[in-house]
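Report on one structure; see the data block that follows.
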Amino acid sequence: MSEKNIGMRVLERLKDEISELEYTRYIKQLEYSEEKSKKEYALFLAPNQLIANWVKTKYTKKIAHLFEISTGTHPEVVFEIKTNHKQLKKSPKKVPNEKTIHSLLNPSYTFDNFVEGGSNEFAVKASKSVSKKPGEVFNPLFIYGGVGLGKTHLMQAVGNVLQQNGKSVIYTSSEQFLNDFIRHLGNHNTMDRFKEKYRGCDALLIDDIQFLSGKNQIQEEFFHTFEELRNHGKQIIMTADKHPKQIAGLQERLKNRFEWGLVADIQPPELETKIAIIRKKCDINRVKLDNEVINYIATIIENNSREIEGILIKLNAYAQLMHADIGIEFARNVLKEQIQEKRANITLDLIITTVAKDLNVKASEICSKSRNRNIVYARRIAIYLARELTSNTITQLAQQFGMQDHTAVSHTMKKIAELIKDDEDFKLKIQELRNKITVGTH
Ligand code: ADP
Ligand code: MG
């Protein structure tokens, strides 16, 4: 079989491993881009964002494995959207070179496609400033927040602007950065190339930097890359799940430097923002939903916008299969399991025990009527998180936490929200607890 068909051949092998429906609906829609694939990269083109995301999450590992067993190579499997590829082809200036292929920015991750709201306002403003004056205003820019809140999207939005302005941009996850480093380790010639590559760009975008925690050798390398870029006025943008201060196992000098520019957080979106994000995703993916269904989806997704695309795919797939329109009843039925699964994962018990352990009080005390200061503090936090992370109503929470009535719960919610707004350390504490509770349950 010729080189040309390697990618397609690999895809065909998937036929035996997955259902015919999935194969036809998703895998068959892919094309292997011979032109843009290299030894290190296998690039597949998808007709739209939905399919790209779906195969990326579900099949990247499988496809990589099939490459390994069919060809003995270990390319990184990546996906792009076809229409943009065609546009790229049309304009000769933008034919991808070594540098742009490394960046692999998602072309739909733009500022236009990003919904602004109170929860991300600061991060968006900072990102826009950086896109206008890279290397000048906030360097580095550090964006942090929970899973699916739009960190990668926002970082790439800056990257897309910079790339359009002719800058060379490298986008990489810190995991890829580490793998790349290991690949070149022990070989002076190629190690120089590795250094040139990362130190020679105009902007370096590194995603999920917390992944480097505890890995000293790569932190050392990244430190020098960072210094070199920053000294030459090149822009660095990083994301992480936590504030740099809170990333354990990260060298102090890196923590310090990460705060030199600007640290911006993204908070979970408010309901209106969630609704606007769903609308946006419907527009981009040409899925038609009425307001009732959109509102319904907004109430069932917790805080992770990544779920939205999964839901849209699911609704669309069922609608096609059943030849039905997507009305509210239909949506409720299709998404029923999803909701039960999720709600079942985060229990009041889990919240209470996590908070109690963290704040050194007894779980039983949290639900008691004790007025001890520490216990009241822990109780308030547990109530706040329970309201946010479970489907309990305010009245149910009042009962569970031994409070007089629902106004006491509302009062607590207000108090904690105020504290979060005014006290940075408290906000971090709540975030940390939320992470502890939700980790592994999504
Ligand atoms: P993170 O990197 O924080 O885990 P992503 O950037 O991968 O999150 O976002 C997950 C998905 O949610 C992406 O499809 C992204 O486009 C979408 N998303 C998140 N926040 C927004 C937003 N404010 N506006 C539009 N889309 C968003
Ligand atoms: Mg991300």
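Both ligands and their constituent atoms are indexed starting at 1 by order of listing.
When non-hydrogen atoms are compared, ligand 1 lies under 4.0 Å from neither the backbone nor the side chain of Glu116. Only the side chain of Asn120 comes within 4.0 Å of ligand 1, judged by heavy-atom distances.
Below 4.0 Å from some heavy atom of Tyr109 lie the following atoms of ligand 1, by number and element: 13 (C), 14 (O), 16 (O). Ligand 1 places these atoms under 4.0 Å from at least one heavy atom of Val147: 4 (O). Numbered from 1 in the order shown, with element, the atoms of ligand 1 that lie under 4.0 Å from a heavy atom of Gly146 read 3 (O).
Salt-bridge annotation for Lys125 and Glu121: present, with a side-chain N of the basic residue lying under 4.0 Å from a carboxylate O of the acidic one. The pair Asp283-Lys280 does not count as a salt bridge, with every side-chain nitrogen at least 4.0 angstrom from each carboxylate oxygen.
Between the choices Lys281, His153, Lys280, the shortest heavy-atom distance to atom 14 (O) of ligand 1 belongs to Lys281. Around atom 24 (N) of ligand 1, the closest heavy atom drawn from Ile308, Ile266, Val115 belongs to Val115.
Residue Gly150 has at least one nitrogen or oxygen atom sitting less than 3.5 Å from a nitrogen or oxygen atom of ligand 1, judged on distance alone. An N or O contact shorter than 3.5 Å links Gly148 to ligand 1 by distance.
A cation-pi arrangement is absent between Arg257 and Phe223 under the rule of less than 6.0 angstrom and at most 45 degrees off the ring axis. Judged by a 6.0 Å distance limit and a 45° cone about the ring axis, Lys215 is positioned over the six-membered ring of Phe211.
The single protein non-hydrogen atom nearest to atom 26 (N) of ligand 1 is Ile277 CG2, 3.7 Å, given as residue, atom name and distance.
Using the six-membered ring where Trp is involved, Phe177 and Tyr198 have ring planes that are perpendicular, over 60° apart on the 30 and 60° scheme. Note: Phe114 and His153 have perpendicular aromatic rings, judged against thresholds of 30 and 60 degrees for the angle between ring planes. Relative ring orientation between His243 and Tyr144 is described as perpendicular, the plane-to-plane angle rising above 60° on a 0-90° scale split at 30° and 60°.
The nearest N, O or S atom of Thr152 is closer to the Mg ion (ligand 2) than 2.8 Å.
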